[in-house]
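Keep in mind that the numbers below use all heavy atoms, side chains included, and drop hydrogens, waters and symmetry copies. Along the sequence shown, residues are numbered consecutively beginning with 1.
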Amino acid sequence: KYGIPYFAKVAAQTVSAQTAASIDDGAMQVLDKAFFAPSKLDPAIQARLRTRFDRMTTVAEPGFKYELLFRAGGPIGANALALASGTIVMTDEMVQAAKNDEELVSVLAHEVGHVVHRHSLRRAFQSSVIALLGRHVHFIMEQLSEADQHVKAGKLRVLATSVALQKYPGLPTFQSL
């Protein structure tokens, strides 16, 4: 509602479908290289699940390019994930772990919810802002430490706030000038 999460939500809504698709292409390349292997799932099972997925996404939020991909999960195991533009990746292990197609359709609906609410983009924006702020906080802290050394050495005069007066009681304030 406020601060970084609010910024991330608003920013995620401004990302075009084309930009989201570009982000997804890069993400899938990394995921395929680092974690996934080609699916070994029976093509008939893939087709059956894609048919259910296609029926579901025809009534889902428009503006996304919904696509269901299957991959062997390797170290990720039984899992599913949603990318920004509407691509859903389901691992073979997830399909094998399910008792029936309804369980898998529920997982797919959950992932479509992540797409519609732009959770992956929001998470990316939040992480980026936090990383940037972290770098700035570190820089500010370094500068404050340096300023503190100059004040102690008498090379710098600071107009004090009530908090600074607790640490440096002799500092001039606006009132004392």
Side-chain angles (χ1 to χ4, degrees), residues 1-139 141:
K1 208 161 149 179
Y2 303 102
I4 295 171
Y6 177 76
F7 162 78
K9 181 179 181 180
V10 171
Q13 296 300 325
T14 66
V15 174
S16 71
Q18 183 179 2
T19 301
S22 177
I23 293 168
D24 283 5
D25 289 343
M28 273 312 301
Q29 288 175 14
V30 169
L31 290 168
D32 281 340
K33 190 173 185 175
F35 301 107
F36 295 140
S39 176
K40 294 180 178 18
L41 200 59
D42 181 341
I45 294 172
Q46 290 185 35
R48 186 177 74 232
L49 290 170
R50 275 198 183 95
T51 298
R52 298 282 302 267
F53 180 75
D54 291 344
R55 266 191 260 147
M56 176 193 321
T57 56
T58 58
V59 295
E61 184 83 20
F64 298 99
K65 183 182 156 253
Y66 296 105
E67 179 182 20
L68 176 58
L69 303 177
F70 294 95
R71 297 288 192 271
I76 292 177
N79 216 326
L81 56 99
L83 300 178
S85 69
T87 299
I88 309 293
V89 181
M90 181 172 275
T91 65
D92 295 354
E93 294 85 350
M94 174 65 86
V95 175
Q96 293 159 353
K99 294 177 187 148
N100 53 51
D101 284 359
E102 280 63 39
E103 287 183 349
L104 297 170
V105 169
S106 295
V107 170
L108 292 171
H110 173 88
E111 297 304 325
V112 168
H114 285 308
V115 172
V116 169
H117 295 287
R118 297 179 173 248
H119 289 162
S120 62
L121 288 171
R122 287 168 67 175
R123 192 174 313 120
F125 279 116
Q126 280 183 280
S127 298
S128 297
V129 169
I130 290 168
L132 286 172
L133 286 177
R135 296 180 95 186
H136 288 295
V137 167
H138 177 71
F139 174 76
M141 294 307 289

Chemist: Rounded to the nearest 0.5 Å, what's the gap from NZ on Lys65 to OG1 on Thr57? Could you check?
Modeler: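 Between atom NZ of Lys65 and atom OG1 of Thr57 there are 12.0 Å.
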Chemist: How long is the gap from CG on Leu81 to CE on Met94, to the nearest 0.5 Å?
Modeler: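 Atom-to-atom, Leu81:CG and Met94:CE are 9.5 Å apart.
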Chemist: Indicate the atoms forming the closest heavy-atom contact of Ala72 with Pro38, along with that distance.
Modeler: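 Between these two residues, the closest heavy atoms are CB-O, 3.6 Å.
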Chemist: How long is the gap from CG on Leu104 to CG on Leu108, to the nearest 0.5 Å?
Modeler: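 Spacing of CG (Leu104) from CG (Leu108) equals 6.5 Å.
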Chemist: So how far is it from Phe70 CZ to Leu49 CG, rounded to the nearest 0.5 Å?
Modeler: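 Result: 4.5 Å between the selected atoms.
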Chemist: Mind checking the CD1-OG1 spacing from Ile76 to Thr91? Nearest 0.5 Å is all I need.
Modeler: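 OG1 of Thr91 is found 8.0 Å from CD1 of Ile76.
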Chemist: Name the one of Glu111, Arg50, Arg52 that satisfies side chain to side chain contact (heavy atoms under 4.5 Å, CB included) with Leu68?
Modeler: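 Result: among Glu111, Arg50, Arg52, Arg50 is the only option passing the side chain to side chain contact (heavy atoms under 4.5 Å, CB included) with Leu68.
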Chemist: Please assess Val107 against His110 for the test side-chain contact (heavy atoms from CB on, under 4.5 Å), listing each intermediate value before the final yes or no.
Modeler: CA-CA 5 Å; Val107 170; His110 173 88; 5.6 Å; no
Chemist: If we ignore angles and hydrogens, is there a donor and acceptor under 3.5 Å between the side chains of Asp92 and Ser39?
Modeler: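 Yes, because at least one side-chain N or O of Asp92 sits under 3.5 Å from a partner of the opposite role on Ser39.
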Chemist: Set out, in order, the CA-CA distance, both residues' side-chain angles and the distance that settles side-chain contact (heavy atoms from CB on, under 4.5 Å) for Val89 and Met28, then state yes or no.
Modeler: CA-CA 9 Å; Val89 181; Met28 273 312 301; 3.6 Å; yes
Chemist: Where is the tightest heavy-atom contact between Ala60 and Val112, given as atom of each residue plus distance?
Modeler: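 So the minimum-distance heavy-atom pair works out to CB-CG1, 4.0 Å.
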Chemist: Which ring-ring contact (aromatic ring centres under 6.0 Å, His included) pairs, counting each pair once, include a residue from residues 27-69, with sequence neighbours left out?
Modeler: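 Output for this query lists Phe64-Tyr66.
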Chemist: Of the non-hydrogen atoms in Asp32 and Arg71, which two are nearest, and what is the gap between them?
Modeler: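 Here Asp32 and Arg71 meet closest at OD1-NE, 2.8 Å.
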Chemist: If every non-hydrogen atom of Ala82 is compared with every non-hydrogen atom of Val115, which pair is closest and at what distance?
Modeler: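 Reported closest heavy-atom pair: CB-CG2, 3.7 Å.
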Chemist: How long is the gap from CZ on Arg48 to CG on Asp101, to the nearest 0.5 Å?
Modeler: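 So the gap between those two atoms works out to 4.0 Å.
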